[in-house]
Number of protein chains: 2
Amino acid sequence: MTTITARERLLNAAVEAFAEKGFAGTTTRDIASRAGMSPAAVYVHHDSKESLLFSVSLDGHRRALEVITSAAASSTDPVNRLRVMVYEFSLWHADNSRVGRIVQYEYHALTDEHRAEVATYRRDIEKAMQDALADGVDQGVLDVVDVPGTAFSLLSLGVDLVRWFEPGGSRSGHELASLHADLAVRMTRLR
Amino acid sequence: MTTITARERLLNAAVEAFAEKGFAGTTTRDIASRAGMSPAAVYVHHDSKESLLFSVSLDGHRRALEVITSAAASSTDPVNRLRVMVYEFSLWHADNSRVGRIVQYEYHALTDEHRAEVATYRRDIEKAMQDALADGVDQGVLDVVDVPGTAFSLLSLGVDLVRWFEPGGSRSGHELASLHADLAVRMTRLR
DNA sequence: ACGCGCACTAAGCGCTTGCTTAGCATGCAA
DNA sequence: TTGCATGCTAAGCAAGCGCTTAGTGCGCGT
């Protein structure tokens with residue numbers, strides 16, 4: 001069995017609260033009570049409300065980068081690789097829509113130092129998608145006029161899921177991720 | 001010349017503040033000082049902080065719907081109509097990224113009644129895009145397997161601009177809107 | 001000259017905020 | 001049995017919150 005520490009319970013509570021009400025709209029008392037603890041307990045395990053946000057955001061950025069990096073390594077065929085990358089990136093955002101919402105929408109609430117640190121993961125994610133497109137163009141398989149812009153657009157499909165996606169809704173994450181992957185191929189394949 | 005009333009100055013100040021700090025992160029004192037007035041002046045012209053948000057959000061939704069509706073009426077050719085709709089919708093979100101951010105990200109901060117009112121505009125926007133795709137399929141010009149999902153994805157391209165777009169950045173709104181329009185046609189055109 | 005209404009402000013009320021302080025129960029080593 | 005570290009809480013502090021109240025200055029019709 002995996003034991004959940006008090007520190008992790010507070011992090012989970014913070015994810016729920018931040019995703020539901022936003023960082024500024026969440027009180028430390030709310031986080032504490034979701035974790036079944038007193039307001040002061042938050043400060044036994046975490047330095048501040050912002051450091052709770054940073055922990056959640058940093059972990060979320062790392063996991064998103066890991067998803068797209070391993071997808072990029074999954075295939076050598078540019079079309080198939082792109083399909084897998086878009087599928088996995090969108091699926092991750094659907095399956096982790098609460099963390100994703102914090103990653104995407106509470107970025108500005110981080111301190112300057114913390115924002116700069118997670119920004120490196122964002123650049124790596126964009127670079128992975130750009131590299132996949134550029135490689136496909138080099139191999140004469142993809143037709144992409146604007147590589148950075150198209151990379152951004154492909155990532156937007158996944159990112160925008162966190163704005164409205166709820167698990168248990170009428171469409172599954174797999175269904176949406178498959179759609180995005182198909183659209184991505186149509187957008188970029190050379191005819 | 002157009003005269004700007006105190007009420008409008010407060011609305012403009014609220015747009016700036018909400019877009020920059022979010023609804024919960026903005027104080028009524030901040031709005032007042034951006035408008036060059038005392039904190040109490042807010043309540044001379046508006047009922048509450050939330051009614052300020054509702055005014056901004058409602059107007060933003062109306063303008064976005066107007067943009068996509070008139071784009072839909074601009075052409076009878078399904079491919080060209082889709083191109084114009086996606087172009088205009090994305091361009092509006094780039095040119096109005098601050099209002100767009102409030103429309104998209106502060107939706108949950110509205111009261112239940114206000115959110116329900118604004119939701120009708122969202123449904124109309126989605127329906128306009130779905131109708132344009134369905135009509136193209138009916139005319140045998142477009143190939144769209146999942147009409148609602150694809151409509152959502154096309155709107156996502158524009159909506160996601162508000163997350164990061166800043167006027168005066170390295171890419172113009174026109175440039176990005178053109179890219180989105182091209183991608184939209186590639187995504188949906190029958191080959 | 002005067003009175004009235006309107007746009008606005010100074011001051012502050014009751015409450016909530018992030019966070020701190022002081023202390024208490026438990027478990028464990030000696 | 002004692003001593004102490006650990007993990008937590010009760011209570012509360014200073015600051016800031018949305019919003020109200022009571023009033024002030026000014027423009028305008030008469």
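So you know, we letter chains A, B, ... as the sequences are listed, proteins then strands, and number each from 1.
The ring-ring contact (aromatic ring centres under 6.0 Å, His included) with B/F18 is formed by just one residue from the set B/F23, B/F54, B/Y105; it is B/F23.
In this structure, the CZ atom of A/R7 is 17 Å from the C1' atom of D/dC8, given to the nearest Å. Rounding to whole angstrom units, CZ of residue A/R29 and C1' of C/dC19 are separated by 9 Å. The CG-C1' distance, from A/D30 to C/dT17, rounds to 13 Å in whole Å. Atom C1' of nucleotide C/dG18 and atom CZ of A/F23 are separated by 10 Å, given to the nearest angstrom.
Classified by interplanar angle (parallel below 30°, tilted 30° to 60°, perpendicular above 60°), the ring pair A/Y87/A/H174 is perpendicular.
Judged by the 6.0 Å distance and 45° axis criteria, A/R171 is not positioned over the aromatic ring of B/F152. Seen from the ring of A/Y107, A/R122 counts as a face-on cation partner, given the 6.0 Å and 45° thresholds.
Residues B/R81 and B/D77 are not paired through a salt bridge, judged by the lack of any N-O separation under 4.0 Å between the basic side chain and the carboxylate.
When each of C/dA10, C/dC19, C/dG12 is scored by its nearest atom to the side-chain atoms of A/T28, the top-ranked nucleotide is C/dC19. The side chain of B/A6 lies closest to C/dC8, out of C/dC8, D/dC8, C/dT9.
Remark: A/D131 CG is packed, more than 12 non-hydrogen atoms of other residues, nucleotides or ligands lying under 6.0 Å away.
Counting non-hydrogen atoms under 4.0 angstrom, A/T5 reaches nothing in the nucleic acid.
Scanning residues 41-51 of chain B for heavy-atom distances under 4.0 Å to DNA chain C yields B/A41, B/V44, B/H45.
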